[in-house]
2 protein chains.
Amino acid sequence: MTTPRPVLRFARQHNLDNHACRLSSLCLPFTLCSETLEKFGVVAKRNAPLRKRDALYLQGMPFKSLYVIHSGSLKQITTTDNREEQVTSFFLPGEIVGLDAIGDQRYSGNAIALETTTVFELPFDRLEEVSCHSPELRNYLFQCMSKELQNERLLMHLLLRKTSDVRLATFFVAMSLRFRRRGYSPYCFNLAMSRGDIGSYLGLAVETVSRLLGRFQQQGLITSRGREFHIHDLETLTRLADSNGRC
Amino acid sequence: MTTPRPVLRFARQHNLDNHACRLSSLCLPFTLCSETLEKFGVVAKRNAPLRKRDALYLQGMPFKSLYVIHSGSLKQITTTDNREEQVTSFFLPGEIVGLDAIGDQRYSGNAIALETTTVFELPFDRLEEVSCHSPELRNYLFQCMSKELQNERLLMHLLLRKTSDVRLATFFVAMSLRFRRRGYSPYCFNLAMSRGDIGSYLGLAVETVSRLLGRFQQQGLITSRGREFHIHDLETLTRLADSNGRC
DNA sequence: CGCGGTCTTGACGGGTGTCAATTGTTGTGG
DNA sequence: CCACAACAATTGACACCCGTCAAGACCGCG
């Protein structure tokens with residue numbers, strides 16, 4: 001038979017030589033003083049683009065670098081002992097990938113490109129070097145991780161006791177925020193992930209996601225054509241996300 | 001009427017003078033070289049004990065210090081815009097409290113003592129100073145946060161799609177592990193939190209928790225008398241926690 | 001002893017996962 | 001360029017888990 005679709009092209013892309021590149025074009029979630037940004041930039045290398053379904057890293061690989069998404073998007077999938085696959089995160093442009101790998105020095109899942117995606121690589125040993133002399137950078141990293149930890153904790157614990165519609169509404173509000181923060185329209189965006197990915201991320205069955213999308217559309221909250229989403233009533237969507245869930 | 005039970009004694013305890021104290025007696029989740037431990041110890045101050053229901057800090061208070069539990073236990077409760085209260089974490093001896101506050105420089109919930117509890121205070125500005133000259137300490141902090149982030153992410157996303165029995169089994173297995181790591185028996189321990197706290201943490205109704213405890217007991221997996229738990233069959237409990245949930 | 005809070009147990013209904021069938025979309029090869 | 005296969009998304013029917021409400025038991029504490 002024909003060679004199976006090469007899901008992973010990690011080796012290939014890893015052999016390419018990278019060129020140093022400024023990060024000034026990245027709208028990072030926090031503001032950095034230009035000096036710190038500079039130092040950050042010195043460390044960053046631009047990698048060759050990933051194509052859809054390529055892996056940036058694989059679960060269990062030794063941790064070497066953090067990455068910042070330049071364009072495109074990633075999902076992180078963790079496989080449990082049980083052979084269950086679980087989407088644990090989505091990453092959009094400007095967001096830092098791999099923070100959860102520092103702890104045990106291994107990546108905690110497969111990072112898969114959802115579309116053509118380019119990233120900057122931040123070798124962690126270089127980061128550590130630089131952070132010796134730059135308190136700003138050090139604090140920046142601390143803040144990134146702490147914020148993510150806080151978000152994750154609160155969001156997940158909230159979602160645990162909420163109905164599917166609240167979960168999905170929360171998802172859209174969060175996505176809208178992330179796009180707004182990047183300077184894009186918070187009302188109209190493409191989500192490269194599949195319904196199945198969204199379901200896995202939110203702990204819902206694909207069918208439920210699909211049904212809810214239909215209902216939201218019927219209620220005039222959003223319209224979805226394929227993977228393009230328009231948000232018409234962000235306010236009630238937000239109210240729904242903040243609501244008790246079980247009413 | 002009599003003065004209402006003083007739930008919060010933060011001010012009182014904060015006015016007491018603290019004395020410096022070694023952390024060597026703490027079984028931290030990761031091993032530190034003695035030199036780093038020393039430096040850590042220089043920073044630590046021992047605080048006056050908290051009584052049950054006292055708060056170590058309150059949601060929204062400016063972040064100043066991390067804390068390490070010496071004895072006792074804490075829960076962290078976050079109140080949403082909606083006046084919903086959500087238990088986001090439990091902290092046992094040796095564990096670090098407050099990591100999720102570094103990001104926005106404010107504590108993200110109320111830290112409430114579940115029993116008489118003593119903590120060491122680690123003023124963050126001192127930590128930052130010391131971490132300038134100690135790569136070990138810096139890395140240790142990074143690792144703590146990263147590990148917690150990874151745990152939280154995977155655990156929560158897994159729980160999202162699991163049935164109540166799997167959630168509770170997971171909770172017990174995790175607790176058992178945490179006690180074992182501290183050198184205590186993984187088969188017999190006291191959990192100072194109420195059923196309601198456990199339910200909130202796992203996203204389950206109190207009644208469900210109670211029913212499940214009954215079922216587990218009936219199946220010979222555990223026995224529970226009040227807040228004292230004996231684990232009889234950790235293996236099947238683990239298998240249950242790792243199972244698909246919906247079978 | 002009696003009160004308030006915590007825990008347990010029962011009955012009921014709605015939300016959501018599972019299974020199954022259909023349609024739409026993407027990508028590959030003739 | 002079309003045909004076909006593989007995959008993704010939608011829609012419906014049904015069962016069952018679990019949240020809600022309600023009542024009662026247990027416990028600590030004054």
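Throughout, protein chains are lettered first and strands after them, A, B, ... in sequence-line order, and every chain is numbered starting at 1.
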Rounding to a whole Å, what distance do you find between [X]:[atom1] and [N]:[atom2]?
X      : N      : atom1 : atom2 : answer
A:E228 : C:dT25 : CD    : C1'   : 16 Å
B:Q218 : C:dT8  : CD    : P     : 14 Å
B:L160 : C:dT16 : CG    : P     : 13 Å
A:D165 : C:dG17 : CG    : C1'   : 16 Å
B:I198 : C:dC7  : CD1   : C1'   : 12 Å
A:M193 : D:dA9  : CE    : P     : 12 Å
A:K52  : D:dC7  : NZ    : C1'   : 11 Å
B:R167 : D:dC18 : CZ    : C1'   : 10 Å

Report, one pair per line, the protein and nucleotides 10-12 of chain D atoms (nitrogen or oxygen only) whose separation is under 3.5 Å.
from: D:dT10; atom 1: OP1; to: A:R195; atom 2: NH2; distance (Å): 3.4
from: D:dT10; atom 1: OP2; to: A:R195; atom 2: NE; distance (Å): 3.1
from: D:dT10; atom 1: OP2; to: A:S210; atom 2: OG; distance (Å): 2.7
from: D:dT10; atom 1: O5'; to: A:S210; atom 2: OG; distance (Å): 2.9
from: D:dG12; atom 1: N7; to: A:R211; atom 2: NH1; distance (Å): 2.9

Just checking [X]: base, sugar-phosphate only, or nothing, at a heavy-atom cut-off of under 4.0 Å?
X      : result
B:G199 : nothing
A:R227 : sugar-phosphate
A:R225 : nothing

Check your understanding: If you count the non-hydrogen atoms of other residues, nucleotides and ligands that lie under 6.0 Å from CZ in A:F63, is the total more than 12?
Key -> yes
Revision key, fill the gap. Winner on side-chain proximity to B:L204, out of C:dT16, C:dG17, D:dG19, is D:dG19
Review point. Mind checking whether A:F172 and A:F229 have ring centres under 6.0 Å apart?
Key: yes
Review point. Do the two ring centres, one from B:F90 and one from B:Y201, sit under 6.0 Å apart?
Key: yes
Check your understanding: Hey, is the main chain of B:R51 close enough, under 3.5 Å, to the side chain of B:D54 for a donor-acceptor pair?
Key -> yes
Practice item. Start with the C-alpha gap between A:K162 and B:E84, add the side-chain angles, then the distance that decides, and say whether salt bridge (charged side-chain N to carboxylate O under 4.0 Å, His left out) holds. Key: CA-CA 12 Å; A:K162 298 225 166 154; B:E84 296 175 79; 3.5 Å; yes
Practice item. Using the closest heavy atom to pick a nucleotide of DNA chain C for each, name whichever of A:S164 or B:G196 lands nearer the 5' end. Key: B:G196
Check your understanding: Under 30°, 30 to 60°, or over 60°: which ring-plane class applies to B:Y67 and B:Y107, parallel, tilted or perpendicular?
Key -> tilted
Check your understanding: Hey, are B:D100 and B:S108 close enough side-chain-wise for a donor-acceptor pair under 3.5 Å?
Key -> yes
Check your understanding: Counting only side-chain N and O atoms of A:T163, is one of them less than 4.0 Å from OP1 or OP2 of C:dG15?
Key -> no
Review point. Is A:S194 near enough to D:dA8 that one of its side-chain N or O atoms lies under 4.0 angstrom from OP1 or OP2?
Key: no
